There are 2 protein chains.
Amino acid sequence: MPRPSTPLLSPDRIRSVALAIIDRDGLDGLSMRKLAAELGVQAASLYGHVRTKDQLLNDIAQSILSAVDVSGFSVDWREGLIRCARSYRAALSTHPNIVPFLAYGPAGREESLQRLDLLHGALVDAGWSRREATMIAAGLMYIVFGSALSSFSSGFSSDPADYVDRYPHLDRAHLLPGVARELDRDSFELALAAFVRGL
Amino acid sequence: MPRPSTPLLSPDRIRSVALAIIDRDGLDGLSMRKLAAELGVQAASLYGHVRTKDQLLNDIAQSILSAVDVSGFSVDWREGLIRCARSYRAALSTHPNIVPFLAYGPAGREESLQRLDLLHGALVDAGWSRREATMIAAGLMYIVFGSALSSFSSGFSSDPADYVDRYPHLDRAHLLPGVARELDRDSFELALAAFVRGL
DNA sequence: TGAGTTAACCTAACACTGTTCGGTTAGTCG
DNA sequence: CGACTAACCGAACAGTGTTAGGTTAACTCA
């Protein structure tokens, strides 16, 4: 059918359904044809609203990262770093399946850079040199992205019994989904606290 | 041509050529047909030596991670952590293009787990509780993998002039390849030092 | 009101991808 | 010498992202 009375597609709708598919089926579970199908449309029609799949993923990533809050440096820079990192982690852990895409970088996404720039500026204002500020901001990103991708929750989904005999030191309990989630959060908090304290 | 006098293929040769392609053309630059071509062979022939592409990538990842050294805890645990992290980073930064694949994790790769297990055991021996040891090991991995994937070198490869006006705080010099490499290393070292000191 | 343009969809196709099936033959073992 | 296996190849399948060209509804403007 040609041109419907009310448009079926819009960039926003495409992005939101695409993100839903990613959340549900993983990053590899998203194909343009499947996306089109769930939108009640043929695959080719998407390209009137989206330049390319990669661009679509980038847009989705940006919209996720735009939820990150870097205000909080009014108090002091340590607290600001911690808030910023928590906000980042919250954004990423809401949509963990998109993290592998972020790994393809460029970290040169607009939103990321804007936030990095603000972070950097706040650190400089707090008395760090430009170079130090850059490295501290980078270190914070290490913890954020590292925790997003090497998480216990998404890591070992198979049967705990497989591990317990081969790796005597590792605790089987880590592998239960509930415990893993909590452990992820606590590990992140510990790493963050240690990092900020150690500066 | 059928069965040649001396076999053209072996798992080792396949892995090494595949890794060379990944290093040269990126993770997406590796296809079974291209790999076969560079081995002087048809794509189907690979499947006599390799179960699947994913398995091949896993094997490559393992062989890279098996270069990681977790001995060094004889001295003290802080030094051990630092050495371990450096060794990890060295392994990953030699083949940065495979990092996106690792992001798809399961982190449940054999080699990773073995090393994590040893790390964990050493921390427990040093007096940390099992839970603390797990979280510390996780934190170390955050920094290692975070630095591997959100690096300045691989991040912004485009023209520095694009950035300098839009992001006033960021220093243009960060974007020059040479400086970026050095900055990556220093950022990693700073994050690592701060983390270990803060424990 | 009616003509022309544009916007939004479609079908069909292209060049890829990973993977499998069935062949063909060189080497090896009894 | 015969049977068998190991190692390759050609062709195909289902799936991928993406593009070209067509069809028609909705909008614009005289």
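So that the names make sense, note that chain A is the first sequence line, chain B the second, and so on, each numbered from 1. A quick note: this is a predicted structure, and the numbers were derived from the prediction, not measured.
- The distance between atom CZ of A/Arg33 and atom P of C/dC14, rounded to the nearest whole Å, is 14 Å.
- Counting to the nearest Å, the P atom of D/dT16 and the NZ atom of A/Lys53 are 9 Å from each other.
- Not a single side chain to side chain donor-acceptor pair (under 3.5 Å) links A/Gln42 to another residue, sequence neighbours left out.
- One can place CG of A/Leu35 at 12 Å from P of D/dT18, the figure rounded to the nearest angstrom.
- Side-chain contact between B/Leu199 and B/Leu81: present, with at least one pair of heavy atoms (C-beta onward) separated by less than 4.5 Å.
- Within 6.0 Å of the CZ atom in A/Arg51, the count of heavy atoms belonging to other residues, nucleotides or ligands does not exceed 12.
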B/Arg86 vs B/Asp69, salt bridge (charged side-chain N to carboxylate O under 4.0 Å, His left out): CA-CA, chis, key distance, verdict: CA-CA 9 Å; B/Arg86 282 192 186 133; B/Asp69 178 26; over 6 Å; no
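- Formation of a donor-acceptor pair under 3.5 Å by the A/Asp23 side chain with backbone atoms of A/His95 is not found in this model.
- Residue B/Asp54 contributes atom CG, which lies 17 Å from atom P of C/dT17 at whole-angstrom precision.
- Dashed line: the shortest gap from a side-chain N or O of A/Thr52 to OP1 or OP2 of D/dG17 is not under 4.0 Å.
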Go through it in stages, so that I can follow the logic: the residues are A/Lys34 and A/Glu38, the test is salt bridge (charged side-chain N to carboxylate O under 4.0 Å, His left out), and I'd like the CA-CA distance, side-chain angles, deciding distance and then a yes or no. CA-CA 6 Å; A/Lys34 187 199 270 186; A/Glu38 300 211 3; 5.8 Å; no
B/Asp12 and B/Arg15: CA distance, side-chain angles, deciding distance, salt bridge (charged side-chain N to carboxylate O under 4.0 Å, His left out) verdict: CA-CA 5 Å; B/Asp12 272 346; B/Arg15 275 194 290 269; 2.9 Å; yes
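- We find that CZ of B/Arg51 is positioned 16 Å from P of C/dG18, with the value rounded to whole Å.
- If you check residues 11-32 of chain A against DNA chain C, you find no residue with a heavy atom closer than 4.0 Å.
- Residues from residues 40-50 of chain A with heavy atoms under 4.0 angstrom of DNA chain D, sorted by number: A/Ala44, A/Tyr47.
- Within the 4.5 Å cutoff, the side chain of A/Met141 has heavy atoms near those of the A/Leu119 side chain.
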